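Notes to accompany the following structure.
Chain identifiers are assigned alphabetically (A, B, ...) following the order of the sequence lines, protein sequences preceding nucleic acid strands; residue numbering begins at 1 within each chain. Side chains are part of it too, since the values below use all heavy atoms of this structure and drop only hydrogens, waters and symmetry mates. Small disclaimer: the values here were computed from a predicted structure and weren't measured.
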2 protein chains.
Amino acid sequence: MAEELEHALQQVKAAGYKMTPQRKLILDYLINHETHPTAEMIYQDLQQQDEQISLATVYNTLEMLLGTQLVLAIDSDQDGKRHYDYFGHPHYHAICTNCGRIVDGENFDFSQLPNTAANETGYLITGYEATVKGLCPECQRKLENQK
Amino acid sequence: MAEELEHALQQVKAAGYKMTPQRKLILDYLINHETHPTAEMIYQDLQQQDEQISLATVYNTLEMLLGTQLVLAIDSDQDGKRHYDYFGHPHYHAICTNCGRIVDGENFDFSQLPNTAANETGYLITGYEATVKGLCPECQRKLENQK
DNA sequence: TTGCTTGCAAAAGGTTTGCATTAAG
DNA sequence: CTTAATGCAAACCTTTTGCAAGCAA
């Protein structure tokens, strides 16, 4: 089994959750897809792989994974859906305001944000999320050609 | 009229939108409330001020304001609602994972994030948003006392 | 065994939409 | 005048919930 999945399963158990086939499937799916899928996408894809699973379980599991901080949610203004992302290493997201495409970026240092926020707001910080909005390269071309 | 509102109205007109009494009300409300209200809250408050306005118009106007980048949306995982925030100066948000309270923070420098993201992703960046999650001071006390 | 988890379907509820009316430019 | 904006209500659709049956530990 992949190392990352192994690590993630460990975390889930450590948090006191039972390990079920469905939870493994979803975790494995998230780790191996950089598409920032919605609950529906995960559900559809797993079904096509002849995997037995319900949409409610997908939602339940994602909610649980958000609690462990292993997974992060991105609410897209573009399609109105919640997208999920395995948060294996620190990164921010870029969302296209035209097509909704979400990509990762990692060349920005957020390491001091939690400390700064803790000092400034008094909050006990447990996580963070950063997103930039703009036109993806492909949509820039498309819109340019429409002129 | 307040300077900030004056400035905002200017921006809206410059973007080619008509100025209506409802739009002024909502913009004024957002500028003068640091509560990060939902559409429903804005609607309720304006109604109590004997102001004639519909919920649909609140949503329409907020959508328009998001487009002008004058206002920013924060999707809260805590209450499942979208909160709005007049974005007069750069700042991030801290959301309490227990009570959902949202506060602003400004002691972190995001000024290079747009450039970095543009170089790294190729996106034409038009805005950004950063959020930290954790327990607010009040909820830290409450939970501590429950022990 | 024990009670957390699953799965199905129904319900919820924030947000969007259609359309006739109104008013900004 | 012309066209965009408003307001009302109905529709939408993602997400949540209730509960019986199933399965980790």
Side-chain angles (χ1 to χ4, degrees), chain A residues 9-29 36-47 49-68 71-84 100 102, chain B residues 9-29 36-47 49-68 70-85 100 102:
Chain A
L9 295 180
Q10 202 81 27
Q11 296 271 98
V12 171
K13 286 181 191 170
Y17 295 102
K18 293 181 180 177
M19 189 43 57
T20 67
Q22 294 87 344
R23 288 177 174 177
K24 277 187 191 170
L25 280 175
I26 294 171
L27 214 29
D28 185 55
Y29 182 96
H36 309 87
T38 63
E40 185 68 31
M41 291 176 195
I42 297 171
Y43 173 61
Q44 294 295 340
D45 284 357
L46 290 182
Q47 277 201 321
Q49 291 171 25
D50 286 328
E51 305 291 359
Q52 181 60 36
I53 199 168
S54 78
L55 182 56
T57 295
V58 174
Y59 274 107
N60 285 338
T61 300
L62 289 171
E63 184 62 27
M64 180 272 285
L65 290 174
L66 287 181
T68 66
V71 168
L72 186 145
I74 311 160
D75 290 297
S76 170
D77 288 350
Q78 305 312 311
D79 61 12
K81 297 172 189 169
R82 180 172 295 175
H83 295 249
Y84 296 87
I102 303 173
Chain B
L9 295 179
Q10 203 80 29
Q11 297 271 97
V12 171
K13 286 181 192 169
Y17 294 103
K18 292 181 179 176
M19 189 44 57
T20 68
Q22 293 87 343
R23 288 177 172 175
K24 277 187 191 169
L25 280 175
I26 293 171
L27 213 29
D28 185 56
Y29 182 96
H36 309 86
T38 62
E40 184 68 32
M41 291 177 196
I42 297 171
Y43 173 61
Q44 294 296 340
D45 284 357
L46 290 182
Q47 276 201 321
Q49 291 171 26
D50 286 328
E51 305 291 359
Q52 181 61 35
I53 199 168
S54 78
L55 183 56
T57 296
V58 174
Y59 274 108
N60 286 338
T61 301
L62 289 171
E63 185 62 27
M64 180 272 284
L65 290 175
L66 287 182
T68 65
L70 282 169
V71 168
L72 186 145
I74 311 161
D75 290 296
S76 169
D77 288 351
Q78 306 312 311
D79 62 11
K81 298 172 189 169
R82 180 171 295 175
H83 295 249
Y84 296 87
D85 185 33
I102 303 173

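The CD1 atom of Ile26(A) sits 3.5 Å away from atom OG1 of Thr61(A), with the distance rounded to the nearest 0.5 Å. Going from atom CG of Leu27(A) over to atom CG of Leu25(A) covers 10.0 Å, rounded to the nearest 0.5 Å.
Checked against ring pair (Phe, Tyr, Trp, His ring centres under 6.0 Å), Tyr29(A) has the following partners two or more places apart in sequence or in another chain: His33(A). In this view, His36(B) and His93(B) satisfy the ring pair (Phe, Tyr, Trp, His ring centres under 6.0 Å) rule, not counting sequence neighbours. Judged as a side-chain hydrogen bond (donor to acceptor under 3.5 Å, both in side chains), and not counting sequence neighbours, Gln11(A) has no contacts. For the side-chain hydrogen bond (donor to acceptor under 3.5 Å, both in side chains) test, no residue two or more places apart in sequence or in another chain qualifies with Thr38(B). Taking the side-chain hydrogen bond (donor to acceptor under 3.5 Å, both in side chains) definition, one finds that Thr68(A) meets it with nothing, sequence neighbours left out. Considering only residues two or more places apart in sequence or on other chains, Arg82(B) meets the salt bridge (charged side-chain N to carboxylate O under 4.0 Å, His left out) condition with Asp77(A), Asp75(B). Residues forming a ring pair (Phe, Tyr, Trp, His ring centres under 6.0 Å) with Tyr59(A) (at least two apart in sequence, or on another chain): none.
Pairing each heavy atom of Val58(B) with each of Ala39(B), the nearest pair is CG1-O, 3.7 Å. Contact record, Gln22(B) with Thr57(B): CB-CG2, 3.9 Å, taken as the closest heavy-atom pair. Among all heavy-atom pairs drawn from Tyr43(B) and Leu55(B), the shortest one is CE1-N, 3.4 Å. In plain terms, the two heavy atoms of Lys81(B) and Asp79(B) that are nearest each other are N-OD1, 2.8 Å. Considering every non-hydrogen atom in both Gln47(B) and Ile53(B), the closest pair reads NE2-O, 4.2 Å.
Nearest-nucleotide mapping onto DNA chain C: of Asp79(B) and Tyr43(A), the residue sitting toward the 5' end is Tyr43(A).
The overall bend of the helix from dT1(C)-dA25(D) to dG25(C)-dC1(D), read as the angle between its terminal helix axes built from five base pairs each, is 60° when rounded to 10 degrees.
Without hydrogens or angle criteria, Arg23(A) side chain to Lys18(A) main chain gives a donor-acceptor distance under 3.5 Å.
Within residues 13-23 of chain A, the residues that place at least one heavy atom under 4.0 Å from DNA chain C are, in residue-number order, Tyr17(A), Lys18(A), Thr20(A), Gln22(A), Arg23(A). Of the residues in residues 54-64 of chain A, Ser54(A), Ala56(A), Thr57(A), Asn60(A) come within less than 4.0 Å of DNA chain C through at least one heavy atom, sorted by number.
The span of DNA chain C lying next to chain A, judged by atoms under 4.0 Å from heavy atoms, is bounded 5' to 3' by dG3(C) to dC8(C). Nucleotides of DNA chain D with any atom under 4.0 Å from a heavy atom of chain A span, from 5' to 3', dT14(D) to dA25(D).
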